[in-house]
Amino acid sequence: MKRLFALLGLLVWIPVPASTWDLESFGLSESVVLVGDDPAYSLPGHDDSDWPARRWQAVTERGVWWLRSRVEIPPGYLDSAVPVGLYISAAAAAEVWWDGQPIGQTGQVGATREAEQPGPMDAVIAVPAGLLAPGEHLLAIRFSSRHAGPGIGTPVDALYFAPFGSPLRFFQALYRPSLVLGGALGLATIFLAVLWLRERKADLAWLVLACAGALAQLGFEVSRAFIQYPYPWHDDRLYAIGIAAAISGIGLLGHFLRRFELPALGAWCVGVGCASAALLLSGLQVGLATVLIIASWLTAGMAICALAIRRGHGRGWIGLAALAMMYTTMLAEPGAFMDRTYFIALVVLLLIVFTDSVGSHARTRRERDAARHRSARLELELLKRQLRPHFLMNTLTTIQEWLESDPRTAGAAIQALASEFRLLDRIADRRLIGLHDELALCRAHLAVMGYRQERAYRLEVQGDADLQLPPAVVHTLLENAITHAGPDTPEVGFELSIRHQSGNVKLTLLTPGDAASSGEPRREGTGLGYVRARLKEAFGDAATVESGPTAAGWRTRIEMPLVRCDASAYPDVDALPEGFAR
Amino acid sequence: MRVLVVEDEPVIARRLVRLLGEILEPPGRVIDAARSLEEAQAVLQQRRYDVLCLDLNLHSRNGFDLLASAVAGPHQTIVVSANTDRALEAFEYGVVDFVPKPFDRERLEKALSRVSATGRPPERRAKVLTFREGNRTRVVGVDRIRAIHGADNYAEVELDDGLRLLHDKTLDQLERLLPERFQRVHRSHIVDLERIVGLENLPGSRYRARLDNGERVPVSRARIRQLRERLR
């Protein structure tokens, strides 16, 4: 666990080279913008002093507009072997003039949708070497973005004048840290999916959804660094990112709700889903809508974790801390959040949740294995008790004597013994059995002991017997009672009374003899230990046993939750063989 | 032969009594039954038996305490028990045989034959002797025994520290329980062979064994040859 967190820490500290890139590269920050169209705007001599003071980043118009900028090329700047060019990242077609000469275009600028031909979203227009010289130059760009979708607020993303090769290099550098973390996320997703296939636990499925959503989002995001797509697609890509962000958020919420066993999963998911849809359709800029979607599920997630903490889930703190970490990241740098820090924060968040979740499942599995082990031990203990020489060998010796002196009785005794073993075999591996099965087992045992001790053992039952209890509990108590003898009477009666009380059931077994009168105080033997262990296995701490002498004999009281018999789950055990008195 | 059966399971007690009645010859035959050792003690105070057929639940410390007390009596003890895995321990307490349940007539007959001198050789695996001292039972390791001297109906057990304890069993009975190194050298004496340091010839073809503490124990003429062989 510690090592995993250390690894996560390392991932966070991967340097972020993108932050050294400056979107407003030199020259272009001092530019003027005018909406309108005139070929003269391309000329160096045009007087733009009356153009409004407006930044190109703020332009929202879709029609034709112009940008003019004076670019100062310092001496020595041209020594670089890489050609110098203008990097344009815009949901717009653009035509570029250098000192009044057209040097290139992306798409075809047009006043109407029909007249415009969209170009690629990201492009580099190189300045011919012959036109470059140190000193001031005039850069003029004519834009139109008639094909930009409604989600695009400001068509021009970036204008960047520098020695530049490929238009994709910028984003490749920008997304490098996200890609590295994306690899880790991909592995985690595969691991979780495999784990889910094996364990079939809902919280894992939701976490797989969250990771898959995040991976899809990352895929759409970084696609820009590898595919030079036409700018009208930009809008669709942004919507896809928004939807993927909503999906990963819903997955995370579902995970927390299932993980902490909280109610109203549907309501939470539908709520965040509807809020996301509303934001995407509201006409807000998609990027902003996406940030708000993320904020909405972060808030919901923190609320869920807080609820979990209030319900006593200590692990809710881990989720809350991870979500708060992401929230802080978002608030600290809202502008760069989506482009730079979002993925790092999301992947760290998911990996923390992943680590915690996998650890929790390993714990659950260990506990389940331990419980299984305990059950197997109890089953073995029960069966072994019937093979104890004191019971089995004495019974066989008794039967041996009947065989020689009274074969008919021997036959009946064998039947009774067979019944007891058959019943034991059927119930030993169950956690709960119907009381009528338990009583059948008890009566078979009393019959066997009756043949051995030549006494009539009777078990009287009072109360509503429609309930379930762990196997061989009454049987064990009777066995104990018979071992501890009691008065030497030809008839021995045991009384079992059943009382129901608001969802609980109280079983009281009264066995004669061995009352306070008998000399040696009776120790709590292995029998009662078995009864306690079985009750704990079935009901946890909800069941209690007490046992002690009374004036009338030895009394054992069991209190446990009432579980009614489910006839289909627990078929009636076969009737005992004929001629066998129940 | 007089036998007392101690068995709390009524059918098994009946079985023991029935089979013993078939095995033993009528003259001198006495077969009694008790349901518990407590009940048996009362009977034992009044009559002397040759054999105690004892069922004990040997899966408790209590069971062995009862066994220790039972084997101290002036009778041989045969354990009849379901707890076969405790047979070795039972032998170490000085029982002549251990009959595992369930048992048939042949097995019971074999056990009885180990009691009488004419029967099959006994196991001789006792590691302790137990003595009744009032209500308590004293347990003494056989390693501490130097010699045992016989009287009429009891034996005087001499320990290595000189202490002498009275045992209710006869020399004949003890000889059948103690390990081989305890050699009957005389009608009235059993000696631990490892404690004999020399043999002395006395006038008139009489012999004495000299023990490690200087004590001299008579050796009968009939047993001197066997003793010499074993000491060689």
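Quick note: numbers below take in every heavy atom, side chains included, and nothing from hydrogens, waters or symmetry partners. Convention: sequence-line order gives letters A, B, ...; per-chain numbering from 1. As the structure is a computational prediction, the values presented were derived from the model and not from experiment.
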Around atom CZ of B:Arg136, are there more than 12 heavy atoms of other residues, nucleotides or ligands at under 6.0 Å?
-> no

With chain B, which of A:Thr395, A:Leu396, A:Leu392, A:Asn394 has the greatest number of heavy-atom pairs at distances under 4.5 Å?
-> A:Asn394

Here the gap from A:Arg452 atom CZ to B:Asp8 atom CG, rounded to the nearest 0.5 Å, amounts to 8.5 Å

Hey, what do you get for CG (B:Leu19) to CD (A:Glu401), rounding to the nearest 0.5 Å?
-> 6.5 Å

Side chains of B:Pro100 and A:Met393: does their closest heavy-atom pair fall under 4.5 Å?
-> no

Report, as yes or no, whether the 6.0 Å neighbourhood of atom CG on A:Asp541 holds more than 12 heavy atoms from other residues, nucleotides or ligands.
-> no

Assess B:Arg14 against A:Trp402: is NZ or CZ under 6.0 Å from the centre of the six-membered ring, and within 45 degrees of the ring's axis?
-> yes

Closest heavy-atom pair and its distance - A:Gln400, B:Pro102 | OE1-CB, 3.2 Å

Of the options B:Lys101, B:Arg15, B:Glu9, which is the one that meets A:Thr398 in a side chain to side chain contact (heavy atoms under 4.5 Å, CB included)?
-> B:Glu9

Could you tell me the separation between the CG atom of B:Asn83 and the CZ atom of A:Arg388, rounded to the nearest 0.5 Å?
-> 10.0 Å

Taking it one step at a time, do B:Val11 and A:Glu454 satisfy side-chain contact (heavy atoms from CB on, under 4.5 Å)?
-> CA-CA 8 Å; B:Val11 184; A:Glu454 298 195 300; 3.6 Å; yes

Identify the two heavy atoms, one from A:Pro389 and one from B:Ala82, that lie closest to each other, and give their separation to 0.1 Å.
-> CB-O, 3.1 Å

Take atom CD in B:Glu22; do more than 12 heavy atoms of anything else shown fall under 6.0 Å from it?
-> yes

Around B:Arg187, counting heavy atoms of other residues, nucleotides and ligands shown, do more than 12 lie under 6.0 Å from its CZ?
-> no

